[in-house]
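So the structure is just underneath, and the comments pick up after that.
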Amino acid sequence: MFFDFSSAFNTIQPRLLRDKLLRMGVEPGLVTWIMDYLTERPQFVKLGNLTSEAVVSSIGAPQGTVLSPVLFTLYTTDFNSETCHMQKFSDDTAIVGCIRDGQEGEYRCLEEDFVGWCRANQLQLNTTKTKEMVVDFRRTAPPLVPVTINGENVDTFCTYKYLGLHLDNKLDWSTNSDALYRKGQSRLYFRRRLRSFSVCNRLLLMLYQSVMASVLFCAVDCCGGSTRKRDIGRLDRLMRKAGSVVDMELESLTTVAGEDPEQAALHTGQ
């Protein structure tokens, strides 16, 4: 289950956040500084020589700041599960449950508890963007009973893009490989254009590592060993073309996927 929050950072309640930070043992002086940062923020709109009246806001965190995702992570850190796996990255939250013999009680109870916790913490869930994906390898799967949140059924999807990775309910990475290939091709075009302007190889290599390799090798230790040979071949050819732009041989997807996780992390820039 992939949960989507409505305006996540804008719904942080400073009072609740303050209490949670103090329970975590954060220094009171730092908590006071964060509260001063979040409360009584004057906001106005300026267009040319016209300025609107100022409105004071004491809810949420300013958008586009480095601190907002950190504060939201701390705000939601007190909800966890010992039965199902919870994956949190800023405002992207996923619940992964293993259901055996049709026993869905723990999974559905956790979802209900999470919805109740969101309500208590004044976090609004966007039901239309919250999705469920069921991985079932049985030949004949039983009909699914939809999950209901706030009176609305959650849609079930065969594929879902989560943190840049295209997940498939059959654990087939073809969709993800196709997306990587298209993105890699478009970025390879810009590198070729830069080379036509006589940009030095050092800068081209830096560009490759930052905007191309970081995409192609994203989660390679997860999907690299299960990707089809046809898809790996396409991506490897793409990387050979990238190597020809900088006049050097670049490591292939096969090589990086076969390395240990620490080495793979160095190549992905994680």
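Quick note: residue numbers are just sequence positions, from 1. No experiment lies behind these values; they were computed from the predicted model shown.
In this structure, T130 OG1 and I149 CD1 are separated by 5.0 Å, a value rounded to the nearest 0.5 Å. Rounded to the nearest 0.5 Å, atoms CE (M1) and CE (M86) are 11.5 Å apart. Considering OH of Y208 and CZ of R187, their distance stands at 12.5 Å, rounded to 0.5 Å. Considering CG of D168 and OG of S226, their distance stands at 12.0 Å, rounded to 0.5 Å. Here L30 contributes atom CG and L21 contributes atom CG; the two are 7.5 Å apart, rounded to the nearest 0.5 Å. Summarising the geometry, atom CZ belonging to F2 is positioned 10.0 Å from atom CG belonging to D92; distances are rounded to the nearest 0.5 Å.
Residue V154 is not grouped with residue F157 when hydrophobic side chains (ILVMFWY) are merged at heavy-atom distances under 4.5 angstrom, including chains of intermediate members. Hydrophobic clustering keeps V211 apart from L163 (ILVMFWY residues linked when any side-chain heavy atoms are closer than 4.5 Å, directly or through intermediates). M133 and V96 fall into different hydrophobic clusters, where Ile, Leu, Val, Met, Phe, Trp and Tyr side chains are chained together by heavy-atom contacts under 4.5 Å. Taking hydrophobic clusters as Ile, Leu, Val, Met, Phe, Trp and Tyr residues chained together by side-chain heavy-atom distances below 4.5 Å, V26 shares a cluster with L17. Transitive grouping of hydrophobic side chains (ILVMFWY, heavy atoms separated by less than 4.5 Å) brings F217 and L204 into a common cluster.
Side-chain atoms of K241 do not come within 3.5 Å of backbone N or O of L188 as any donor-acceptor pair. At least one donor-acceptor pair closer than 3.5 Å links the side chain of Q13 to the backbone N or O of T11. Under the 3.5 Å distance criterion, the side-chain polar atoms of S186 are matched with a main-chain donor or acceptor of K183. T77 contributes no side-chain N or O that, together with a main-chain N or O of L74, makes up a donor-acceptor pair within less than 3.5 Å. Between the side chain of R191 and the backbone N or O of V246 there is no donor-acceptor pair closer than 3.5 Å.
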Report task. Carefully, step by step, assess M248 and N201 under the rule side-chain contact (heavy atoms from CB on, under 4.5 Å). Result -> CA-CA 9 Å; M248 65 179 298; N201 283 352; over 6 Å; no
Report task. May I have the step-by-step check of side-chain contact (heavy atoms from CB on, under 4.5 Å) for L250 and L205, ending in yes or no? Result -> CA-CA 10 Å; L250 301 173; L205 180 60; 4.1 Å; yes
Query raised in the report: Does the side-chain contact (heavy atoms from CB on, under 4.5 Å) test come out yes or no for L71 and L38, once each step is laid out?
Result: CA-CA 10 Å; L71 293 178; L38 294 179; 3.9 Å; yes
Query raised in the report: Could you go step by step and tell me if E152 and L125 meet the side-chain contact (heavy atoms from CB on, under 4.5 Å) rule?
Result: CA-CA 11 Å; E152 298 183 39; L125 286 174; over 6 Å; no
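Side-chain contact between T76 and T93: absent, with no pair of heavy atoms (C-beta onward) separated by less than 4.5 Å. Looking at K88 and T73, their side chains never come closer than 4.5 Å, going by heavy atoms from C-beta outward. Counting heavy atoms from C-beta on, the side chains of N169 and V134 never come closer than 4.5 Å. Using a 4.5 Å heavy-atom cutoff, the side chains of Q124 and N150 are not in contact. R119 places a side-chain heavy atom less than 4.5 Å from the side chain of V115. Contact annotation: the side chain of R192 never approaches that of R195 to less than 4.5 Å [non-hydrogen atoms, C-beta and beyond]. The shortest distance between side-chain heavy atoms of D231 and S174 falls below 4.5 Å. Y160 has its side chain out of reach of T175: every pair of non-hydrogen atoms, C-beta onward, lies at least 4.5 Å apart.
Nearest heavy atoms, Q43 versus S57: NE2-CB, 4.0 Å. Taking both residues in full, the closest heavy atoms of L16 and N121 are given as CD1-CA, 4.0 Å, listed atom of the first, atom of the second, then distance. Here the closest heavy-atom approach between residue R18 and residue V31 is recorded as CG-CG1, 3.6 Å. Contact record, F9 with P69: CZ-CA, 3.8 Å, taken as the closest heavy-atom pair. Listed here is the closest heavy atom pair of S58 and P14: O-CG, 3.2 Å. The nearest pair of heavy atoms linking N126 to S6 is CB-OG, 3.4 Å.
When T227, D178, L180 are each tested for a side chain to side chain contact (heavy atoms under 4.5 Å, CB included) with W173, only one passes: T227.
Using a cut-off of 4.0 Å between Lys/Arg side-chain N and Asp/Glu carboxylate O, R228 and D172 are scored as salt-bridged. At a threshold of 4.0 Å, the pair R138-D136 counts as salt-bridged, since one of the basic side-chain nitrogens sits closer than that to a carboxylate oxygen.
By the 6.0 Å contact criterion, CG on L171 is enclosed, its count of non-hydrogen atoms from other residues, nucleotides or ligands being greater than 12. Residue K129 places its NZ atom among 12 or fewer non-hydrogen atoms of other residues, nucleotides or ligands, all under 6.0 Å distant. Within 6.0 Å of atom OH in Y37, more than 12 heavy atoms from other residues, nucleotides or ligands are found, so the atom counts as buried in its surroundings. Atom OH of Y189 has 12 or fewer neighbouring heavy atoms from other residues, nucleotides or ligands inside a 6.0 Å radius. In I59, the CD1 atom is not crowded: 12 or fewer heavy atoms of neighbouring residues, nucleotides or ligands sit closer than 6.0 Å. Crowding of Y162 atom OH: a count of heavy atoms from other residues, nucleotides or ligands under 6.0 Å exceeding 12.
In summary, the side chains of Q185 and Y181 do present a donor paired with an acceptor at a separation below 3.5 Å, with no hydrogens or angles considered.
Remark: R108 engages E104, E111, V145, V147 in a side-chain contact (heavy atoms from CB on, under 4.5 Å) (not counting sequence neighbours).
Ring geometry for F3 versus F114: interplanar angle of 30 to 60°, hence tilted.
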